[in-house]
A.B. asks: 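Take a look at the following structure, please.
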Amino acid sequence: MRTRRRDFLQWMGSACVGQTGVAGAQESHRLDEEARRSGRRFGFAVHPDYAGREPVKTLLRQHAGVITAENAMKWRSIEGILGGRDYTQADAVATLATELKALLRGHTLAWHQSTPRRLTNATTDVFRQEQGAHLHDMVLRYKGRIHTWDVLNEVIDADSGRNDGFRGSVLSTLWGGERYPALFEQARALDPQAKLAYNDYGMEQDDPWCERRRSAVLRMLEGWVKRQAPIDVMGLQAHLDLSRRFSASRLLKFFDELKALGLGIQITELDVRDSTTDGEVQTRDASVAALYREFLDACMSHSSVEMVVMWNVTDADSWINRGFAGTRRADGQPMRPTLFDTQGQPKPAFTAVASSLRNADSNFECPPIRNGSPLCSPKF
Ligand code: G3I
């Protein structure tokens with residue numbers, strides 16, 4: 001795989017970094033169409049204001065077959081600083097999905113980082129009542145429009161020192177780690193047609209940290225499946241990082257383990273950080289593209305991978321360049337983590353992703369919803 005990556009880097013360097021070549025590729029590749037060839041879908045995380053903002057609106061029209069609200073459907077966004085509930089932004093994303101004829105992923109019903117701050121010191125009873133009410137309202141409001149709900153987000157911390165591998169957080173303390181499956185049961189009862197996902201990061205690459213996280217997640221999922229929790233999908237965020245190793249065979253082994261549990265796989269927040277890559281923009285772009293290609297080639301070779309969603313559309317919108325992501329480049333330059341540059345022009349990463357999608361194995365089969373009816377395509 002390392003040799004393939006080197007070859008690909010050379011190819012990108014010589015053939016693909018010229019803007020004309022890449023721009024030409026954009027016209028001939030529409031990413032969701034490429035993904036559909038193998039029965040999969042492709043899309044992006046969005047903000048409500050993308051509906052009226054160029055170049056992202058046009059890029060979404062061209063390439064998006066699925067969208068996720070980056071923040072608008074999170075509990076803290078719905079509640080806002082003034083309390084109460086305001087669904088305006090979340091509704092705008094649902095409307096955008098309809099306009100684009102795209103599937104809508106719901107992100108996310110329970111996450112420690114989006115729990116309203118006022119509940120940090122709540123009693124267990126109050127917290128459970130409020131979390132349950134929030135989930136109830138969201139699932140019913142968007143019933144019939146959500147393809148997949150991220151029911152629960154990021155509860156694993158393999159280095160927490162806890163036997164159960166759970167992150168110490170408002171959720172594990174006040175909701176209770178042993179009661180996580182109840183969130184899935186409640187969601188399934190309210191909207192039996194939506195797929196239900198557990199979503200988490202740090203499992204895609206080949207180092208001890210990812211290894212520990214994969215083991216902890218698998219252990220948790222095995223327990224849930226044994227209890228017949230209605231979970232359908234593992235959402236792999238895939239915030240990839242060029243400073244970590246990648247091994248396709250290691251990733252595919254993990255995919256097999258998830259498949260053996262009866263779970264589908266969705267790539268939910270894909271981007272590539274080039275925090276430590278030296279050199280000119282062209283060299284950095286070639287390295288980013290090579291990792292996209294290697295990662296997606298592996299994903300597209302596995303029959304359980306249903307969809308791929310990018311976290312943001314252009315480098316200008318990327319959360320990584322918004323100052324919330326922690327890591328920054330030593331040279332102070334913004335990172336180049338998405339498929340399009342700050343002007344919305346396709347980068348070598350675009351060509352790499354388009355090629356992976358185009359060459360995908362077409363043995364994909366839509367896995368049935370656990371304890372529900374199968375759903376691969378949206379009903380408009
Ligand atoms: O919109 C306000 C703006 O009005 C204000 O001036 C500014 C100053 O603080 O904050 C803006 O809100 C920020 C928002 O992003 C919009 O950019 C929030 O503070 C900030 O906390 C929020 O961060 C989001 C983060 O989740 C926490 O919700 C990121 O955009 C979003 O990309 C990130 O997404 C997460 C996924 O949900 C889960 N997986 C990891 C992923 C990346 O961290």
Side-chain angles (χ1 to χ4, degrees), residues 73-76 78-79 106-139 148-191 194-204 208-237 239 254 257-258 260-266 268-269 370-371:
M73 289 192 170
K74 290 172 183 170
W75 192 357
R76 216 176 260 183
I78 299 287
E79 191 161 299
H107 177 76
T108 165
L109 295 169
W111 184 30
H112 63 284
Q113 276 194 46
S114 67
T115 303
R117 288 203 175 85
R118 67 181 170 83
L119 292 173
T120 310
N121 297 314
T123 62
T124 311
D125 283 352
V126 167
F127 186 87
R128 289 177 182 174
Q129 199 276 327
E130 296 248 5
Q131 173 67 72
H134 168 69
L135 188 151
H136 175 272
D137 291 354
M138 289 300 286
V139 176
T148 303
W149 267 116
D150 285 335
V151 174
L152 184 61
N153 198 44
E154 300 177 7
V155 298
I156 285 295
D157 175 3
D159 298 329
S160 66
R162 295 169 56 129
N163 286 339
D164 54 17
F166 289 141
R167 175 189 303 283
S169 78
V170 66
L171 276 178
S172 57
T173 310
L174 297 180
W175 178 265
E178 72 293 350
R179 299 179 70 254
Y180 287 149
L183 294 163
F184 290 82
E185 282 153 18
Q186 192 189 351
R188 174 56 39 85
L190 292 164
D191 184 356
K195 288 195 179 204
L196 304 182
Y198 171 68
N199 192 50
D200 212 332
Y201 62 87
M203 282 168 281
E204 301 82 6
W209 177 70
C210 287
E211 195 58 51
R212 288 197 296 282
R213 292 184 53 79
R214 280 191 287 266
S215 304
V217 164
L218 279 174
R219 204 149 33 91
M220 175 183 79
L221 295 174
E222 271 160 21
W224 292 358
V225 167
K226 238 181 238 158
R227 283 177 59 173
Q228 298 192 311
I231 175 173
D232 309 296
V233 166
M234 176 70 215
L236 291 173
Q237 294 183 6
H239 293 293
F254 182 47
E257 289 162 332
L258 293 169
L261 291 175
L263 300 177
I265 297 167
Q266 296 179 5
T268 54
E269 306 185 11
R370 193 179 291 276
N371 313 335

A.B. asks: Provide the closest heavy-atom pair for His107 versus Trp149 in the form atom of the first, atom of the second, distance.
C.D. replies: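 So the minimum-distance heavy-atom pair works out to N-CZ3, 3.8 Å.
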A.B. asks: Would you check if Leu109 and Trp75 make a side-chain contact, meaning some heavy-atom pair closer than 4.5 Å?
C.D. replies: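 SC-SC contact between Leu109 and Trp75 ruled out.
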A.B. asks: Output yes when Arg118 and Glu79 qualify as a salt bridge under the 4.0 Å nitrogen-oxygen rule, no when they do not.
C.D. replies: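 Judged by the 4.0 Å cut-off on N to carboxylate O distance, Arg118 and Glu79 do form a salt bridge.
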A.B. asks: Do side-chain atoms of Tyr201 reach the backbone of Glu269 as a donor and acceptor pair under 3.5 angstrom?
C.D. replies: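 Not a single qualifying donor-acceptor pair exists.
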A.B. asks: Any donor and acceptor pair, going by atom type alone, linking the side chain of Arg128 with main-chain N or O of Leu174 inside 3.5 Å?
C.D. replies: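 Side chain of Arg128 to backbone of Leu174: a pair is present.
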A.B. asks: Does Ser114 use its side chain to pair, donor to acceptor, with the backbone of Ala110 at less than 3.5 Å?
C.D. replies: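 Here the side-chain-to-backbone pair does not exist.
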A.B. asks: Looking at every heavy atom in both Leu119 and Glu130, which two are closest together, and how far apart are they?
C.D. replies: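 That closest heavy-atom pairing would be CD1-CB, 4.0 Å.
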A.B. asks: Indicate yes or no: at least one non-hydrogen side-chain atom of Trp111 is less than 4.5 angstrom from one of Lys74.
C.D. replies: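 Result yes, sub-4.5 Å side-chain heavy-atom pair found.
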A.B. asks: Please name the residue in the list Val151, Thr148, Leu183 that meets the side chain to side chain contact (heavy atoms under 4.5 Å, CB included) test with Leu196.
C.D. replies: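 The side chain to side chain contact (heavy atoms under 4.5 Å, CB included) with Leu196 is passed solely by Val151 among Val151, Thr148, Leu183.
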A.B. asks: Does the side chain of Glu257 reach to within under 4.5 Å of the side chain of Leu221, using non-hydrogen atoms?
C.D. replies: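 SC-SC contact between Glu257 and Leu221 ruled out.
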A.B. asks: Would you check if Ile156 and Met203 make a side-chain contact, meaning some heavy-atom pair closer than 4.5 Å?
C.D. replies: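 When only atoms from C-beta onward are counted, Met203 and Ile156 do not touch, as no gap falls below 4.5 Å.
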A.B. asks: Using modelled atom types only, decide if a donor and an acceptor are shared between the side chain of Tyr180 and the backbone of Trp175 within a distance under 3.5 Å.
C.D. replies: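 The answer is no, because no donor-acceptor pair under 3.5 Å joins these two groups.
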A.B. asks: With heavy-atom distances below 4.5 Å as the criterion, would you say the side chains of Leu190 and Gln186 are in contact?
C.D. replies: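 In short, these two side chains touch, coming nearer than 4.5 Å.
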A.B. asks: Quick one: sort the Phe184 and Trp224 rings into parallel, tilted or perpendicular, breaks at 30° and 60°.
C.D. replies: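 Aromatic pair Phe184/Trp224 classed tilted.
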A.B. asks: Out of curiosity, His136 NE2 to Gln129 CD, how far, rounded to the nearest 0.5 Å?
C.D. replies: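 Nearest 0.5 Å value for the NE2-CD distance: 11.0 Å.
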A.B. asks: Quick one: pull up CZ in Phe254 and CG in Leu236 and give me the separation to the nearest 0.5 Å.
C.D. replies: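 CG of Leu236 is found 5.5 Å from CZ of Phe254.
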A.B. asks: A side-chain contact here means heavy atoms from C-beta on lying under 4.5 Å apart; do Phe166 and Leu171 qualify?
C.D. replies: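 Side-chain contact under 4.5 Å: no.
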A.B. asks: Tell me, do Leu261 and Leu218 make a side-chain contact under 4.5 Å, heavy atoms counted?
C.D. replies: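 Yes, at least one pair of side-chain atoms sits under 4.5 Å.
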A.B. asks: Ignoring hydrogens and geometry, is there a side-chain-to-backbone donor-acceptor pair from Ser160 to Arg167 under 3.5 Å?
C.D. replies: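 Looks like no, no N/O pair under 3.5 Å.
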A.B. asks: Establish, from distance only, whether the side-chain atoms of His112 and Glu154 form a donor-acceptor pair under 3.5 Å.
C.D. replies: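 No, no side-chain donor-acceptor contact under 3.5 Å.
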A.B. asks: CG/Asp159 to CZ/Arg213 distance, rounded to the nearest 0.5 angstrom?
C.D. replies: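 Here the rounded value is 8.5 Å.
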A.B. asks: How long is the span from the CE atom in Met234 to the CD1 atom in Ile265, to the nearest 0.5 Å?
C.D. replies: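 Output value for this atom pair is 9.0 Å.
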A.B. asks: Using every non-hydrogen atom in the two residues, find where Arg162 and Ser172 come nearest and quote the distance to one decimal.
C.D. replies: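 Closest heavy-atom pair between Arg162 and Ser172: NH1-OG, 3.7 Å.
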A.B. asks: Between CG of Asp150 and CD of Gln237, what distance do you get to the nearest 0.5 Å?
C.D. replies: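 Between atom CG of Asp150 and atom CD of Gln237 there are 8.0 Å.
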A.B. asks: Quick one: does Arg76's side chain get under 4.5 Å of Arg117's, heavy atoms only?
C.D. replies: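 Of all side-chain heavy-atom pairs linking Arg117 with Arg76, at least one is under 4.5 Å.
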A.B. asks: Look up atom CG in Asn163 and atom CZ in Arg219, then write down how far apart they are to the nearest 0.5 Å.
C.D. replies: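 That separation rounds to 8.0 Å.
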A.B. asks: Give the minimum heavy-atom separation between Leu263 and Ile231, together with the two atoms involved.
C.D. replies: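 Scanning both residues completely, I find the closest heavy atoms to be CD2-O, 3.5 Å.
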A.B. asks: Begin from the C-alpha positions of Arg214 and Glu211 and carry the test salt bridge (Lys or Arg N to Asp or Glu O under 4.0 Å) through to its verdict.
C.D. replies: CA-CA 5 Å; Arg214 280 191 287 266; Glu211 195 58 51; 2.8 Å; yes
